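Reviewing the structure listed below.
Along the sequence shown, the residues carry numbers beginning at 1. What you see below is based on every heavy atom in this structure, not just the backbone, and it leaves out hydrogens, waters and symmetry mates. Predicted, not measured: the structure shown is a model, and the values here were computed from it.
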Amino acid sequence: MKYGVRIIKNTYHPLKVPANIKLEHNQMVLVETEKGLEAFHAVLVNDEIAKQWEKSNTQALPLVRIMNAKDIETLEENKKQEIIALAKCKQLVENRKLVMNLTQARYTFDKRKITFYYTAPERVDFRELLKDLTQEFRYVRIDLRHIGVRDETSILQGEGICGQNYCCCRFLKKFEQVNTKLARDQGLPITPSKITGGCGRLLCCLNYEHKNYIENAKHLAPVGSSVMTPDGVGKVCSLNVLYKKVNVKFEDGKIKEFLNSDIEIIDTDVNIQIDQNDILNYGISDENVDIKSLEDDKNGSTGNI
């Protein structure tokens with residue numbers, strides 16, 4: 001049987017289990033990592049994952065021991081100390097008037113190292129802060145890590161509008177480029193509350209079904225085409241891809257929905273103007289939206305978790 005541990009960003013590493021240790025799924029274990037001694041849940045993996053590890057020659061992390069009751073108490077105490085350490089660091093940041101938002105503090109199990117994760121719009125000169133932290137946390141190695149707002153959300157965790165845990169907390173390893181065109185193509189209103197996640201950036205899941213929308217849209221009358229409908233000649237102003245329907249605008253300004261199978265594209269150039277307001281609130285927001293802020297992924301992810 002093969003076991004692994006989840007280290008960062010939904011990345012699992014194989015465990016090197018000594019022959020004299022009998023491990024079970026979901027047991028808490030202590031593992032030696034590049035940061036030091038850390039605590040994780042051991043996960044039993046299937047043969048396919050084990051084969052991928054062998055194929056990619058993924059280095060196994062040495063298992064030190066299965067955690068006992070005393071180790072669990074130590075881990076819980078460390079978590080309490082992390083909250084205190086974060087509060088102290090926030091105060092030092094405030095004293096230095098640095099433009100950075102602290103997200104989390106993490107101790108290694110042996111408390112030889114503490115990592116402070118933070119977000120910031122620009123590069124931060126924290127040399128003086130580091131001196132303060134060295135005085136505050138003696139005999140502990142200090143690591144300040146700049147992360148993106150998407151990384152921050154994956155650390156803090158939470159639930160999306162779908163009711164599921166954030167994708168970045170469950171399975172996403174890398175963040176793909178997301179823009180508002182993906183929302184428009186899927187007929188979603190450009191409203192922050194509808195198309196952004198807890199990170200304040202566009203939902204990663206906008207990428208998931210986009211290809212299907214584009215492929216299915218190819219079989220519908222394109223926006224702007226003149227069509228003959230049961231109610232007369234009009235012009236297509238928007239699409240309802242999932243239901244294979246199109247919205248048609250007529251010369252009197254009225255808009256009506258038809259099945260794509262009930263209309264026919266014609267060569268006649270119909271003198272009907274289509275603008276954003278004709279798209280049945282598709283792409284229209286009831287909020288004051290700064291599109292650039294939604295698409296700005298400059299500090300979305302740094303990969304420094």
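The local environment of CG in D47 is sparse, with at most 12 non-hydrogen atoms from other residues, nucleotides or ligands closer than 6.0 Å. Applying the 6.0 Å contact sphere to NZ of K35 captures more than 12 heavy atoms from other residues, nucleotides or ligands. Atom CZ of R170 sits in a crowded spot, with more than 12 heavy atoms from other residues, nucleotides or ligands closer than 6.0 Å. Shown here is E76, whose CD atom has more than 12 heavy atoms of other residues, nucleotides or ligands within 6.0 Å.
Checked by atom type and distance alone, the side chain of R145 never pairs as donor or acceptor with a backbone atom of T115 at under 3.5 Å. A donor-acceptor pair is defined here as one N or O able to donate and one able to accept, closer than 3.5 Å; such a pair exists between the side chain of H41 and the backbone of N26. In this structure, the side chain of E152 does not engage the main chain of T103 through any donor-acceptor pair within 3.5 Å. For K249 (side chain) and Q273 (main-chain N/O), a donor-acceptor pair under 3.5 Å exists by modelled atom type. Side chain of H146 to backbone of R123: no donor-acceptor contact under 3.5 angstrom is found. Remark: side-chain polar atoms of N260 are paired, donor with acceptor, to backbone N or O of A221 under 3.5 angstrom. A distance-only check finds no donor-acceptor pair linking the side chain of K194 to the backbone of L188 [under 3.5 Å]. Side-chain N or O atoms of S226 include one that pairs as donor or acceptor with a backbone N or O of T268 at under 3.5 Å. Between the side chain of H25 and the backbone N or O of L44 there is at least one donor-acceptor pair closer than 3.5 Å.
Atom CD1 of I263 sits about 6.5 Å away from atom OG of S225, to the nearest 0.5 Å. Between Y213 atom OH and L182 atom CG the span is 12.0 Å, to the nearest 0.5 Å. In this structure, the separation between CD1 on I114 and CG on D143 is 10.0 Å, given to the nearest 0.5 Å. Of the inter-residue distances, the one linking K235 atom NZ with I266 atom CD1 reads 10.0 Å to the nearest 0.5 angstrom. Here the CD-OH distance, from E176 to Y208, works out to 9.5 Å after rounding to the nearest 0.5 Å. To the nearest 0.5 Å, atom CG of residue N247 and atom OG of residue S238 are 3.5 Å apart.
Side-chain contact between H13 and T58 is present, with heavy atoms from C-beta onward closer than 4.5 Å. Side-chain atoms of R65 and D71, non-hydrogen and from C-beta on, do get closer than 4.5 Å to each other. Annotation: side chain of I147 is not in contact with side chain of Q104 (no heavy-atom distance under 4.5 Å). Two residues are said to be in side-chain contact when any heavy atoms from C-beta on lie closer than 4.5 Å; V124 and L144 fail this criterion. In this structure, L133 and F116 have side chains that are in contact, with non-hydrogen atoms separated by less than 4.5 Å. When side chains are defined from C-beta on, F137 counts as touching K88, because their heavy atoms get closer than 4.5 Å. Residues V45 and Y12 are not in side-chain contact: their nearest non-hydrogen atoms beyond the backbone lie 4.5 Å or more apart. T180 is listed as a side-chain neighbour of L202, based on a closest heavy-atom distance under 4.5 Å.
L242 is connected to V246 through a chain of hydrophobic side-chain contacts under 4.5 Å among Ile, Leu, Val, Met, Phe, Trp and Tyr, so both are in one cluster. When the side chains of ILVMFWY residues are joined at heavy-atom separations under 4.5 Å, either directly or via intervening members, I265 and F258 end up in a single hydrophobic cluster. Both F40 and I21 are members of a single hydrophobic cluster when ILVMFWY side chains are connected at heavy-atom separations under 4.5 Å. L206 and Y166 are members of different hydrophobic clusters when ILVMFWY side chains are connected at heavy-atom separations under 4.5 Å. Residue L23 is not grouped with residue I49 when hydrophobic side chains (ILVMFWY) are merged at heavy-atom distances under 4.5 angstrom, including chains of intermediate members.
In this structure, A50 and K2 approach most closely via the heavy-atom pair CB-CG, 3.7 Å. Minimum heavy-atom separation, P230 to D262: CD-O, 3.4 Å. Here the closest non-hydrogen pair linking P14 and W53 is CB-CE3, 3.4 Å. Of all heavy-atom pairs spanning S154 and C169, the tightest one is O-SG, 3.7 Å. A pairwise comparison of heavy atoms in C204 and V178 identifies CA-CG2, 4.3 Å as the closest pair. Between A217 and L239, the shortest heavy-atom distance links the atoms CB-CD1, 4.2 Å.
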> Run the side chain to side chain contact (heavy atoms under 4.5 Å, CB included) check on K244 and L220 step by step: do they pass?
Replying inline: CA-CA 7 Å; K244 299 180 180 179; L220 302 179; 4.2 Å; yes

>> One pair to check against side chain to side chain contact (heavy atoms under 4.5 Å, CB included): V93 and Y118. What are the steps and the verdict?
In response: CA-CA 11 Å; V93 168; Y118 71 92; over 6 Å; no

> For M100 and L129, what are the C-alpha separation, side-chain angles and deciding distance, and is it a side chain to side chain contact (heavy atoms under 4.5 Å, CB included)?
Replying inline: CA-CA 11 Å; M100 56 191 292; L129 172 64; 4.0 Å; yes

> What do the steps show when you test K111 against N78 for side chain to side chain contact (heavy atoms under 4.5 Å, CB included), and what is the final call?
Replying inline: CA-CA 8 Å; K111 291 191 72 173; N78 285 353; 3.2 Å; yes

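No hydrogens or angles considered: a donor-acceptor pair under 3.5 Å links the side chains of H210 and D185. For the residue pair T229/D231, the side-chain donor-acceptor check at 3.5 Å is not satisfied. Side-chain contact, Q91 with N95: a donor N or O sits under 3.5 Å from an acceptor N or O. Q81 and E77 share a side-chain donor-acceptor pair at under 3.5 Å. In summary, the side chains of T191 and S193 do not present any donor paired with an acceptor at a separation below 3.5 Å, with no hydrogens or angles considered.
Between K79 and E82 there is no salt bridge, since none of the side-chain N atoms of the basic residue sits less than 4.0 Å from a carboxylate O of the acidic one.
Residue M67 belongs to a hydrophobic cluster whose other members are M28, L30, L37, V64, I72, L75, F109, with links defined by side-chain heavy atoms closer than 4.5 Å.
Taking the centre and axis of the six-membered ring of F250, the NZ or CZ atom of K254 falls outside the cone set by 45° and 6.0 Å.
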